[in-house]
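To start, the structure itself, in structure tokens.
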Amino acid sequence: MKLINRNSKTRDFHQAKWNEPIIFELHQSGEKGVEPPPVNEEIAIAVGDGISIIPESMQRKSKPSIPEIGQAKVLRHYLRLSQETLGSDFNVEIGQGTCTMKYIPKINEMLIRNPKIMKLHPLQPESTVQGMLEIFYNLDLCMREISGMDYFSFQPSGGTQALFAMASIVRKYHEQRGEGDQRNEIITTIFSHPSQAATAAVKGYKIITLHPDENGFPDIEKLKAAVSKRTAGFVVANPEDTGIFNPKIKEFTKIVHDAGGICYYDQANANGLLGITRAKEAGFDMCFFNLHKTFAAPHMCGGPATGALGVTEALKEYLPVPIVEYKDDKYTLKYDLKHSIGKVRAFHGVAQTVLRSYAWIRSLGPEGLKEVAKIAVLNNNYMYHRVLNIKGAGAPYVKGHRLEQVRYSWEQLTKETGITTEDVQLRMTDFGLHYWTSHHPYIVKQPFTLEPTESYSKQDLDEYISALEQISKEAYENPDIIKNAPHNSTIHKMDEGDFLDNPQKWCITWRSYLKKAKEHQSV
């Protein structure tokens, strides 16, 4: 069966496959990869005297179960695994959607590997980390300019935690005004990220969800009907996860403000907005950016990340502590905020992520940031018009211009061929390309979300589009190719049983694996 059309613009791809055991199975007692340094003399003497400077709660009761492996074997193991992994340095990562797997400048990776950064510890005295505190402070100043907010905290470890912190600020703000019990509703929109409603719900709020009007935009009349003396706040992403930008957003925030609510802005992905529009001018009281998306720091498998949380002057005292201040010719961590919601994580923020983003912003400058937005929007709209010409593809709701991404739909393709978006997802791996469907719930039927960002050339976009065109053609002419995909990856069809949904079958550690394997054998 011929799987790849040699006349297409896609490259031939076949992923390396190694029958590689997990590293614990490579263990050979007595093998050494490194020779650990001798125990610090101070610790050795203290332990010898029956006194330990390590708190008892932190002392191990038994030696750790660490695999013993020689260096060459370790190197081979991880290189083989790397050949079975795709990522933004290997392929065109247009399909990562709102997670913006854009190009990460390699010089910034070199910066964070400088020993002066690698050896930092969050419990060091402030006098010994003045340089890093200066970077935190200067990034704060950059973020103020980009957003129009007055103060930033880099403590939240990601976007969802930043949303939770903002919902906590809303809660405490109204409590301080004696309206905490009265104002028990948060308004959001159906297309906004589910974390917005989820974090507000965790704080005890009732969620009011606005659906689109006949033109596909959030319905302003429904907002007017929803606001009341119970309204605590309004949270929205704009553009939303469909790529639709609400042009009436300032009217929305005014309506909520007039009802006594606080408006906060999910700007996890601001790729199409940098230098174009700001949260302040749209009437927001708070916003956050994901440094690990827009500002060119990697996601790192879910962390370490940073949700940069910005507020107006009126909400400064509610920020999580500490924040960085510059006073008396030195940088300090300020803890005494009158109404602070407290900490949302143990320490101030991820220094390496902050440094990467600061370097990226400084290297581009104001005009460079604006150019990022212009190219991201241009790339997205080029792809938008090309994809809509593919048989079976569509993009519901607003027609015409989209911002930095689009949530497309294969609904027509599915109705006419039976091929689903999950089928297309597996087939895309045969081209070495990543493809993202959508977070749940699937508001758009048979969804796939594409976001080119500013990182990709027209040639990259054409390669990705060519793969979609070929898959569409296969769906109508020879759907078995798709149904049996992937053909070129390390595995073929996955077992879609209950493994992912059954905690009894999860093995998070080697120890839990051994335990469950033993239990299985005994049965």
- Query: Any chance the rings of Tyr464 and Tyr435 have centres within less than 6.0 Å?
  - Reply: no
- Nearest heavy-atom pair of Leu273 and Ala373: which atoms, and what distance? N-CB, 4.0 Å
- Task: Side-chain contact test, heavy atoms from C-beta onward, threshold under 4.5 Å: evaluate it for Asn379 versus Thr453 and give yes or no.
- Result: no
- Is any side-chain heavy atom of Ser340 less than 4.5 Å from a side-chain heavy atom of Tyr318? no
- Within a reach of under 6.0 Å around CZ of Arg144, are more than 12 heavy atoms found that belong to other residues, nucleotides or ligands? yes
- May I ask you to test the Met149-Met143 pair for a side-chain heavy-atom distance under 4.5 Å? no
- Between Asp181 and His174, is any side-chain donor less than 3.5 angstrom from a side-chain acceptor? no
- Item | Steps toward side chain to side chain contact (heavy atoms under 4.5 Å, CB included) verdict (Asp241, Thr449) | CA-CA 9 Å; Asp241 284 354; Thr449 309; over 6 Å; no
- In Å and rounded to the nearest 0.5 Å, what is the CG to CD1 distance from Asn246 to Ile249? 5.0 Å
- Query: Stepwise, does the side chain to side chain contact (heavy atoms under 4.5 Å, CB included) test hold for Asn91 with His434?
  - Reply: CA-CA 8 Å; Asn91 60 323; His434 183 271; 4.2 Å; yes
- Nearest atoms (heavy-atom pairs only) where Gly283 meets His257: O-CE1, 2.8 Å
- Here the gap from Thr353 atom OG1 to Ile112 atom CD1, rounded to the nearest 0.5 Å, amounts to 7.5 Å
- At what distance, to the nearest 0.5 angstrom, does CZ of Phe154 lie from CZ of Phe289? 10.0 Å
- Message: Is the distance from the ring center of Tyr264 to that of Phe234 below 6.0 Å?
- Response: no
- Atom pair CD1 (Ile187) and CZ (Arg230), whose distance is rounded to the nearest 0.5 Å: 10.0 Å
- Query: Do other residues, nucleotides or ligands put more than 12 heavy atoms under 6.0 Å from the NZ atom of Lys343?
  - Reply: yes
- Message: Whether the side chain of Ser357 engages the backbone of Val354 through a donor-acceptor N/O pair (distance < 3.5 Å, no angle test) should be reported.
- Response: no
- Output yes when a side-chain donor or acceptor of Gln155 lies under 3.5 Å from a complementary backbone atom of Val321, and no otherwise. yes
- Salt-bridge test for Lys458 and Asp460: reply yes if a basic N is under 4.0 Å from a carboxylate O, no otherwise. no
- Could you check if a side-chain atom of Trp506 sits within less than 4.5 angstrom of a side-chain atom of Ser512, using non-hydrogen atoms only? no
- Query: Counting only heavy atoms not in Lys334, do more than 12 sit closer than 6.0 Å to its NZ atom?
  - Reply: yes
- Heavy-atom count around Glu145 CD within 6.0 Å, excluding the residue itself: above 12? no
- Task: Please step through side chain to side chain contact (heavy atoms under 4.5 Å, CB included) for the pair Phe245 and Arg402, ending with a clear verdict.
- Result: CA-CA 7 Å; Phe245 185 86; Arg402 297 287 179 104; over 6 Å; no
- Query: Where do Ile244 and Gly216 come nearest, in terms of heavy atoms and distance?
  - Reply: CD1-O, 3.8 Å
- Message: ring-ring contact (aromatic ring centres under 6.0 Å, His included), that's the test. Do Tyr397 and Phe191 meet it? Break it down for me.
- Response: CA-CA 11 Å; Tyr397 301 102; Phe191 291 134; 4.7 Å; yes
- Item | Under 3.5 Å side-chain donor-acceptor pair for Glu404 and Asn269 | yes
- Task: Go through the steps for Lys172 and Glu175 under the test salt bridge (Lys or Arg N to Asp or Glu O under 4.0 Å), then give the verdict.
- Result: CA-CA 5 Å; Lys172 193 153 190 180; Glu175 287 175 348; over 6 Å; no
- When you measure from the side chain of Gln124 to the backbone N and O of His121, does any donor-acceptor pair fall under 3.5 Å? yes
- Query: Got a donor-acceptor contact below 3.5 angstrom from the Arg183 side chain to the Thr231 backbone?
  - Reply: yes
- Pair Thr312-Tyr151, side-chain donor/acceptor within less than 3.5 Å: no
- Roughly how far, to the nearest 0.5 Å, is CG of Asn380 from NE2 of His401? 8.5 Å
- Query: Got more than 12 heavy atoms from elsewhere within 6.0 Å of CD1, Ile107?
  - Reply: no
- Query: Do the side chains of Tyr326 and Asp329 get nearer than 4.5 Å, heavy atoms only?
  - Reply: yes
- Query: With a 4.5 Å limit on heavy-atom distance, are the side chains of Val236 and Asp266 in contact?
  - Reply: no
- Item | Residue pairs fulfilling salt bridge (Lys or Arg N to Asp or Glu O under 4.0 Å) with at least one residue in residues 110-131, sequence neighbours excluded | Glu109-Arg113
- Query: Within a reach of under 6.0 Å around NZ of Lys106, are more than 12 heavy atoms found that belong to other residues, nucleotides or ligands?
  - Reply: yes
- Fit a plane to each ring of Phe284 and Tyr265, take the angle between them on a 0 to 90° scale, and name the class: parallel (under 30°), tilted (30 to 60°) or perpendicular (over 60°). parallel
- Item | Which atom of Ala165 lies closest to which atom of Ile341, heavy atoms considered | O-CD1, 3.6 Å
- Within 45° cone and under 6.0 Å: Arg407 NZ/CZ vs Phe448 ring: no
- Message: Check whether Ser455 reaches the backbone of Lys102 with its side chain - one donor and one acceptor, N or O, closer than 3.5 Å.
- Response: no
- Message: Quick check: do Val398 and Asn215 have side-chain heavy atoms less than 4.5 Å from each other?
- Response: no
- Message: Please evaluate residues Thr242 and Val406 with respect to the criterion side chain to side chain contact (heavy atoms under 4.5 Å, CB included), reporting the C-alpha separation (whole Å), side-chain torsions for both, the decisive distance (0.1 Å), and the verdict.
- Response: CA-CA 5 Å; Thr242 55; Val406 181; over 6 Å; no
- Within the side chain of Asn381, is there an N or O that forms a donor-acceptor pair under 3.5 Å with the backbone of Val377? yes
- Query: For Lys222, does the NZ atom sit with more than 12 other heavy atoms under 6.0 Å from it, leaving out its own atoms?
  - Reply: yes
- Please check if atom NZ in Lys63 has more than 12 non-hydrogen atoms from other residues, nucleotides or ligands closer than 6.0 Å. no
- Note: Pro218 and Phe252 closest approach over all heavy atoms is O-CZ, 3.4 Å
- Query: Any side-chain donor-acceptor pair under 3.5 Å between Thr189 and Ser192?
  - Reply: yes
- Message: Tell me if a side-chain donor or acceptor on Glu317 pairs with a main-chain N or O of Lys338 at a distance below 3.5 Å.
- Response: yes
- Message: Do the side chains of Glu281 and Lys250 get close enough for a salt bridge, i.e. N-O under 4.0 angstrom?
- Response: no
- Item | Atom of Ile323, atom of His348 and distance for their closest heavy-atom approach | CA-CE1, 4.1 Å
- Item | Side chain to side chain, Ile208 and Thr188, heavy atoms closer than 4.5 Å | no
- Glu454 side chain to Asn271 side chain, donor-acceptor N/O pair below 3.5 angstrom: yes
- Message: Please verify the inter-ring angle class for Tyr408 with Tyr384; under 30° counts as parallel, over 60° as perpendicular, anything in between as tilted.
- Response: tilted
- Distance in Å, Phe24 CZ paired with Arg511 CZ, rounded so as to fall on 0.5 Å steps: 10.0 Å
